[in-house]
Amino acid sequence: MILQKGASPIDTNRQKLWLASASPRRLDLLAQIGIKPEHVGPADIDETPKSAETPRELARRLALEKAAAVLTHIPENEDWVILAADTVVAQGRRILPKAETQETAKACLKLLSGRAHRVFSGVCLIYKGKSMLRVADTRVVMKRLSAEEITTYLDSQEWRGKAGGYAIQGRADAFVKSLNGSYSNVVGLPLYETSSLLAGIGFKGGQNEHND
Ligand SMILES: Cc1cn([C@H]2C[C@H](O)[C@@H](COP(=O)(O)OP(=O)(O)OP(=O)(O)O)O2)c(=O)[nH]c1=O
């Protein structure tokens with residue numbers, strides 16, 4: 001411990017958390033469990049699925065690639081815990097895209113309407129050269145959506161940048177008849193898997209939101 005004059009003890013062993021994400025939802029979900037990363041810096045990777053890649057495999061691979069991409073920007077001697085995630089919405093083996101246009105969002109909502117689908121999030125932690133991965137899987141049953149419900153939802157713009165063209169943390173929760181599995185996984189960061197990965201490396205770091 002280093003005791004600076006007049007300051008509280010600085011734990012030099014405290015790991016620093018780098019959240020490799022541009023998703024505000026992931027930052028909010030970490031805050032929900034009292035963790036504030038020292039740095040937020042997204043990875044810009046190609047998220048195109050490989051041929052015959054399953055949704056689970058895609059979520060896992062992209063989470064690893066996002067974390068690994070950030071590693072190349074960090075000086076060797078820095079002791080960072082890198083956290084990345086990737087969320088994939090799927091119907092059977094069909095992977096739904098992240099909605100960037102109204103047309104894409106509309107097509108997703110029509111596919112999801114009145115049926116079950118699954119949401120996979122890969123979570124990757126890289127620390128001291130070791131990568132650790134988990135994949136969470138949630139089954140979501142969506143009500144049948146009327147043309148008016150789809151139009152109203154599209155007008156909300158909530159779908160923009162969301163896998164599968166919907167945000168369960170928003171208005172779209174009104175469409176969800178049932179959910180089997182982690183809710184935070186659907187939003188984009190499964191908190192059970194994330195916190196168990198962090199516990200696995202004895203993570204004490206992160207500017208804890210609720211100071212001890
Ligand atoms: C299904 C669903 C997805 N999403 C969001 C979570 C993610 O931000 C996004 C899935 O795309 P991702 O590629 O996983 O994440 P991202 O591109 O937003 O951010 P980054 O890669 O920098 O981490 O969809 C919701 O916010 N709510 C939902 O209900």
Side-chain angles (χ1 to χ4, degrees), residues 17-32 35 37 39-50 53 55-71 73 82-91 94-101 104-105 107-109 111-113 115-126 133-143 145 153-154 156-191 193-194 197:
L17 182 64
W18 180 308
L19 175 62
S21 174
S23 168
R25 275 79 55 186
R26 292 188 169 123
L27 197 55
D28 294 344
L29 286 165
L30 281 177
Q32 186 180 317
I35 294 176
H39 185 78
V40 178
D44 183 16
I45 62 162
D46 173 7
E47 302 198 15
T48 312
K50 293 188 186 308
E53 192 168 34
R56 174 183 290 273
E57 289 162 347
L58 176 65
R60 190 179 192 282
R61 176 174 63 85
L62 292 184
L64 175 59
E65 288 188 10
K66 287 177 184 179
V70 158
L71 197 60
H73 307 312
I82 302 170
L83 171 65
D86 189 78
T87 301
V88 174
V89 172
Q91 208 144 54
R94 181 186 189 137
I95 293 167
L96 276 72
K98 194 186 316 177
E100 302 299 355
T101 67
T104 308
C108 287
L109 293 170
L111 264 176
L112 298 173
S113 169
R115 296 162 73 186
H117 67 274
R118 293 170 76 173
V119 183
F120 299 88
S121 289
V123 186
C124 179
L125 216 53
I126 294 183
L133 281 140
R134 291 283 188 88
V135 179
D137 167 7
T138 303
R139 185 175 186 272
V140 180
V141 178
M142 206 172 259
K143 65 170 280 203
L145 303 176
Y153 192 69
L154 293 173
S156 78
Q157 300 294 314
E158 189 180 87
W159 46 268
R160 205 173 284 281
K162 306 297 191 299
Y166 76 93
I168 197 168
Q169 70 274 22
R171 296 157 177 255
D173 207 1
F175 302 155
V176 176
K177 280 174 74 172
S178 69
L179 176 145
N180 186 341
S182 160
Y183 171 85
S184 55
N185 172 50
V186 181
V187 180
L189 190 71
L191 291 177
E193 288 75 6
T194 302
L197 281 174

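Whatever order the structure lists ligands and atoms in, that order sets their numbers, starting from 1.
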Restricting to heavy atoms, the pick from Val187, Thr87, Leu96 nearest atom 5 (C) of ligand 1 would be Val187
Thinking salt bridges, do Glu65 and Arg61 make one under a 4.0 Å N-O criterion?
yes
Regarding atom 14 (O) of ligand 1: of the candidates Arg26, Arg25, Gln169, which has the closest heavy atom?
Arg26
Identify the two heavy atoms, one from Ser21 and one from Ser23, that lie closest to each other, and give their separation to 0.1 Å.
OG-N, 2.9 Å
Assign the ring pair Tyr166 / His117 to parallel, tilted or perpendicular, where the plane angle (0 to 90°) is split at 30° and 60°.
perpendicular
Under 3.5 Å: N/O of Ile168 near N/O of ligand 1
yes
For ligand 1, which atoms have a heavy atom of Asp86 less than 4.0 angstrom away?
12 (P), 13 (O), 14 (O)
Starting from atom 9 (C) of ligand 1, which protein heavy atom do you reach first, and at what distance in Å?
Gly161 O, 3.6 Å
Atom 18 (O) of ligand 1 sits nearest the protein heavy atom Ser23 CB, 3.8 Å
List every atom of ligand 1 that sits less than 4.0 Å from any heavy atom of Lys66, numbering the atoms from 1 in the order shown and giving each element.
12 (P), 13 (O), 14 (O), 15 (O), 20 (P), 21 (O), 23 (O)
Could you tell me the residue and atom name of the protein heavy atom closest to atom 22 (O) of ligand 1, and the distance to it rounded to 0.1 Å?
Ala22 N, 2.7 Å
Shortest reach to atom 3 (C) of ligand 1 by a heavy atom, considering only Leu27, Leu189, Val186:
Val186
So, Gln91 side chain and Ala116 main chain: donor-acceptor pair closer than 3.5 Å or not?
yes
Considering both backbone and side-chain atoms of Ala43, is one of its nitrogen or oxygen atoms within less than 3.5 Å of a nitrogen or oxygen in ligand 1?
no
Is any side-chain heavy atom of Val123 closer than 4.5 Å to one of Arg26?
no
Only counting residues at least two apart or in another chain, list the ones meeting side-chain hydrogen bond (donor to acceptor under 3.5 Å, both in side chains) with Lys177.
none
Is there side-chain contact between Pro37 and Leu30, with at least one heavy-atom pair below 4.5 Å?
yes
Taking distance alone, with no angle check, do Gly188 and ligand 1 share an N/O pair under 3.5 Å?
no
Please identify which atoms of ligand 1 are closer than 4.0 Å to at least one heavy atom of Glu47.
13 (O), 21 (O)
Which of the atoms in ligand 1, numbered in the order shown and given with their element, are less than 4.0 Å from a heavy-atom of Ala167?
27 (N), 28 (C), 29 (O)
Quick check on contacts: which atoms of ligand 1 are under 4.0 angstrom from a heavy atom of Lys162?
4 (N), 5 (C), 24 (O), 25 (C), 26 (O)
State if Gly164 counts as touching ligand 1 under the rule of any non-hydrogen atom under 4.0 Å.
no
Could you pull out, from Glu158, His117, Lys98, the option with a heavy atom nearest to atom 17 (O) of ligand 1?
Lys98
Keeping the roles fixed (side chain from Lys66, backbone from Pro42), state whether a donor-acceptor pair exists under 3.5 Å.
no
Using the side-chain hydrogen bond (donor to acceptor under 3.5 Å, both in side chains) criterion, which residues pair with Asn185? Sequence neighbours excluded.
Ser121, Thr138
Which pair of non-hydrogen atoms, one from Ile168 and one from Tyr183, has the smallest distance, and what is that distance?
O-OH, 3.5 Å
Please list the nearest protein heavy atom to atom 24 (O) of ligand 1 with its residue and the distance rounded to 0.1 Å.
Ala163 N, 3.1 Å
Using atom types as modelled and distance alone, determine if a side-chain donor or acceptor of Arg134 lies under 3.5 Å from a backbone N or O of Thr194.
no
At a 4.0 Å threshold, what atoms of ligand 1 neighbour a non-hydrogen atom of Ser21?
19 (O), 20 (P), 22 (O), 23 (O)
